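Proteins come first, then strands; the chains are lettered A, B, ... in the order of their sequence lines, and each starts at number 1. The shown structure was predicted, so the numbers you read here are calculated from the model rather than taken from an experiment.
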Amino acid sequence: MFKKVDLSIDFLGIHLDSPFVLSAAPPTDELEMAEHGLEEGWAGVILKTTSVEGNPVELKNPMMSSFGPMSRKVVGLGNIDLISHHHIDVVSSRVEYLKKKFPNKMIAASIMGASKEDWQNLVYRLKKAGADLIECSFSCPQGSMGEEPGKMLAQSIEATEKVTRWVKEAADTTPVLIKITPQVTDIVEVAKAVKRGGADGITASNTIPSLLGVDIYTFEPYPSLFGSGAYSGLSGPAIKPITLRTIAEIAKNVDIVISGNGGAFNWRDAVEFMAVGASNVQFCTLPMHYGFRSIRDLKSGFEHYLKEMGFKSPSEIVGKALKNIKNQEDLVNPKTRSDIDLDRCIGCGLCYAACNDGGHMAISFDSKTRKPYVNEEKCTGCAMCMQVCPVDAIKMKEVLDSNEYYFVERR
Amino acid sequence: MGRNLDLTQALIEAERCLYCYDAPCEKACPAHVPIPEFIQSIRTGNLKGSMELITLANPSIGVCGEVCPEEQFCQSVCTRSAIDYPIKIRELHKFVTDNVKLTDLELQLPPLNGKKVAIIGGGPAGLACARELRRFGVKPVIFEKKELGGIPAQEISKERLPYNIVREEAKQILTLFGAEVKDKKISDLQDLLGEFDAIFVATGLTEELELDIKGVNLQNVHTARKLLKTIKSSLRTDVGKRVGVIGGGNVAVEVAAALKREDPSRDVEVVYRRGLKELKAFKDEIDEALELGVGFQFLAIPVEIKGENSVEGLVVRRARLGAPDESGRRVFEEVEGSDFFIPYTDIVIAIGQKAQEIFPEIKKTHNGLIEVNENFETSVKGVFAGGDIVRGASTIVESVSDGKKAAIAILQYLQGGKNV
Ligand SMILES: Cc1cc2nc3c(=O)[nH]c(=O)nc-3n(C[C@H](O)[C@H](O)[C@H](O)COP(=O)(O)O)c2cc1C
Ligand code: SF4
Ligand code: SF4
Ligand code: SF4
């Protein structure tokens, strides 16, 4: 009944009916799950990372923990999962099956090996099975790079370049993505190494090594397995700002295709990922939390956004925000002041607390009227008060050449 | 009537929704509005997408956003109640429809396929059916002698349902969905069947049930729906200062509230045979009436209206509640010798509606309602029916749901029927 917008893109020569694919993770670890995801409307799947038959994968459960507000929503998800316990024979037969059943969807696989032989062997077998794309996990927080246990492959510039080269050599014309970690000193150097190695693109990024929490009465870390725990890979909304920065840094400095992944939870996040340089967006925690049906609002919201903005194709937004990302010293210096809309204000006093104990002591609070007032002399326009106001009653205002400018971004 | 949520309030409320997997709210909605999905879209700021979902499921979203008895449907089963209290689903629904117009969305309808369906009655069921038919390429022609919109347009008070919402919704069915309206009374179905490929009867209930007691013919005895129409057309009623409204349904409560609103100094009392718990009106309507100061005479059976020419009062007999009947509602029993007199200047009869006698060739139930099978087919081939004329007095959303489902059944009939 409603006119639809064409959301399709070309990603490394692969046709995607939307930019949204399922990343290598539990949602693609069983054949039925991958099928269900594609039926619900995801544009493609990257099957959970597989390895050669000789690689034992010993999972420890419970492997998940999380943190969030008291409403019990998951803001940050932590896992001590490993790669898939399904080895390459199983995975390549799935690729074959899925490709037949869904010829118009992207069927990709993710791999992890220890030696050159392993990596290339994995690639050959997936190519034979018909994989549209191969992603290489250089960044599983629980994994290791073989030679140096406990270290992620993408944390070494040399290893990244070397292994990328092995993989690309074997993959030949099949597109290769290298999935990196933001947990490095200089992400640009890693991205350059990936490019030198000959990969077609980068997946930026993965979960981030973290410690989800500690029980303050028993001192057991989460998730606790009879009292002990390990560092977790953190995913979900909590890591979105880190991923955004990672994508932007790479996009600004290295000419390579980027697949955005890590913390995207709705279509708005996806737009942001693309605006800073991602060509498509992968999701894992969103479908893990709410199911594959979450694709429906992703597509619908994205579609209305494109229409409203007058974009003809999703690829038009890729990198659109990059030119606006500068160094702090290159920014102009506005003379802003806090501007409180007293009609909207509900008198909670949070801006008073924030400004007096964490800003510049520029807000006073009248206990009789329960309204805050800004002392323009003292206010520097730092915008701390604006962050805490629960009803968006505060804006930052600058008067320049007798025109009024407002700064209103809060999230 | 519902609160108008602003964006912050809507987001906070939407955030409370659990996005249940097998959402009970959606199943309990007669129009099967995909509630968790539309709320999820509010959460991401995708209001247009949210609107698409609601309007696809429910052609009468504006009206339902205002007056749907959510505590009887979706909200009554909300999972969130197990944590604190149910999601304010109707208010979120209203938030979406208040902020997005159907005309903000780009419609794409298939070309007309040459089939034409006559819809008798332009109320919620008829309009819903018209829209659904056009969505699938069939031309709808609505026959309506009065104003489009049915009961919501003509009888629900404007305090509860702003008039422009009903009118706008009806207008959209005409302009956006190309339905045609004919102001013509239909008495012969066969004539129509020659011209149209199928017929949908959605005439609603137009006759009022009569009360069989002495004095009903006195001056100042009114019927509820006539009064509601008068008030709705912004005319003043000639009702006096002490009014007894006989009945216990939505119409009784609605007319009592409307009379109190018209003149707050007027005493208005609902006279009902059973108790508060048995009252059939929706809870928020009862609350609203109570807030306006409407009184209730419970356990009171009208026996006789007293008066010379004009009403002087009502003789009432006490009732007591007995055992529950098969529907679970407690029956009332008369208490002998308990008659008492209440002075009233006016009596309003609001004990319900019945079907008018129409289309003798169609098979009816003993109540005079049209009998249909599960495909909304009547006993006459090619003639379908739905809404109140089939269900008896019901809700708008149920009529909408009938109209939608009947349209699908009609489409199937058109594909396989002899007229194809
Ligand atoms: C339980 C779990 C297991 C994962 N396993 C893999 C894996 O086998 N290979 C891989 O490359 N990434 C794996 N990931 C990382 C995800 O693919 C994704 O990069 C990460 O969760 C960040 O995206 P998100 O915030 O959308 O979840 C896993 C994530 C989770 C939560
Ligand atoms: S999510 Fe499923 S598999 Fe995991 S613990 Fe719960 S029931 Fe078991
Ligand atoms: S934080 Fe916002 S609502 Fe609270 S006192 Fe300040 S301006 Fe008012
Ligand atoms: S039942 Fe309640 S909590 Fe669950 S989806 Fe429906 S509105 Fe949301």
Side-chain angles (χ1 to χ4, degrees), chain A residues 1-7 20 36 40-41 68-75 237 264-272 283 286-310 341 343-346 348 389-394 408 410-411, chain B residues 6-9 11-23 26 34 36-59 80 83-84 87 96 100 102-110 131-137 172 176-177 404 407:
Chain A
M1 179 159 111
F2 301 105
K3 205 165 162 193
K4 296 281 143 201
V5 175
D6 183 10
L7 297 181
F20 311 135
H36 182 201
E40 279 278 5
M70 298 298 279
S71 65
R72 303 205 164 270
K73 301 227 152 146
V74 173
V75 169
F265 218 60
N266 54 50
W267 62 269
R268 308 177 86 95
D269 298 337
V271 171
E272 292 180 61
F283 290 82
L286 172 65
M288 282 182 74
H289 194 162
Y290 288 121
F292 293 127
R293 60 188 169 153
S294 49
I295 185 66
R296 301 201 278 257
D297 180 62
L298 265 185
K299 286 212 276 198
S300 154
F302 189 58
E303 201 183 310
H304 286 292
Y305 166 81
L306 292 179
K307 253 197 214 173
E308 227 158 79
M309 296 292 290
D341 178 351
D343 290 336
R344 282 194 79 103
C345 169
I346 54 171
C348 67
C389 177
V391 292
D392 289 338
I394 307 183
V408 292
R410 204 159 76 92
R411 286 178 196 93
Chain B
D6 67 20
L7 180 63
T8 307
Q9 292 167 326
L11 287 175
I12 289 171
E13 190 59 19
E15 203 56 52
R16 291 179 59 239
C17 169
L18 305 170
Y19 197 6
C20 298
Y21 183 65
D22 198 15
E26 181 171 337
E37 301 285 339
F38 98 71
I39 296 181
Q40 167 71 0
S41 290
I42 294 178
R43 221 188 263 155
T44 70
N46 176 18
L47 294 191
K48 285 186 180 169
S50 190
M51 175 71 168
E52 282 181 356
L53 294 174
I54 307 175
T55 200
L56 263 175
N58 183 347
R80 180 85 207 190
I83 298 176
D84 41 27
I87 305 300
V96 174
V100 186
L102 193 53
T103 43
D104 297 340
L105 306 169
E106 277 181 273
L107 281 183
Q108 195 167 44
L109 299 171
R131 194 196 82 167
E132 288 301 285
L133 287 170
R134 178 60 193 91
R135 265 185 70 195
F136 295 96
Q172 275 172 358
L176 302 178
F177 293 86
K404 247 177 57 175

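For A/Lys73, the part sitting under 4.5 Å from any heavy atom of chain B is the side chain, from C-beta outward, and nothing else. With a threshold of 4.5 angstrom between heavy atoms, B/Leu102 approaches chain A through side-chain atoms but not through N, CA, C or O. Using a 4.5 Å cut-off between heavy atoms, B/Arg131 contacts chain A through its side chain alone, with no backbone atom that close. Using a 4.5 Å cut-off between heavy atoms, B/Phe38 does not touch chain A at all. Residue B/Ile12: no heavy atom, backbone or side chain, is found under 4.5 Å from chain A. When heavy atoms are compared at a cutoff of 4.5 Å, B/Glu37 approaches chain A solely by way of its side chain, counted from C-beta outward.
Atoms CG and CD, from A/Asp297 and A/Glu303 in turn, are 11.0 Å apart once rounded to the nearest 0.5 Å. Between atom CD1 of residue B/Ile39 and atom CD1 of residue B/Ile42 there is a gap of 6.0 Å, rounded to the nearest 0.5 Å.
A/Val5 places none of its side-chain heavy atoms less than 4.5 Å from the side chain of B/Glu106. Put simply, the side chain of A/Met1 does not reach to within 4.5 Å of the side chain of B/Leu105, judged on heavy atoms.
Applying the side chain to side chain contact (heavy atoms under 4.5 Å, CB included) criterion to A/Asn266, with sequence neighbours excluded, gives A/Arg268, A/Asp269, B/Thr44.
Looking only at heavy-atom pairs under 4.5 Å with chain A, the residue among B/Arg16, B/Gln9, B/Glu15 that has the most is B/Glu15. Ranking B/Glu52, B/Gln40, B/Lys48 against chain A, the residue ahead of the rest is B/Glu52, based on heavy-atom pairs under 4.5 Å. With respect to chain B, the highest number of heavy-atom pairs below 4.5 Å among A/Lys3, A/Lys4, A/Arg293, A/His304 belongs to A/Arg293.
Classification of the A/Trp267-A/Tyr305 ring pair by plane angle, with boundaries at 30° and 60°, yields tilted.
Ion pairing between B/Glu13 and B/Arg80 fails under the 4.0 Å rule for side-chain N and carboxylate O.
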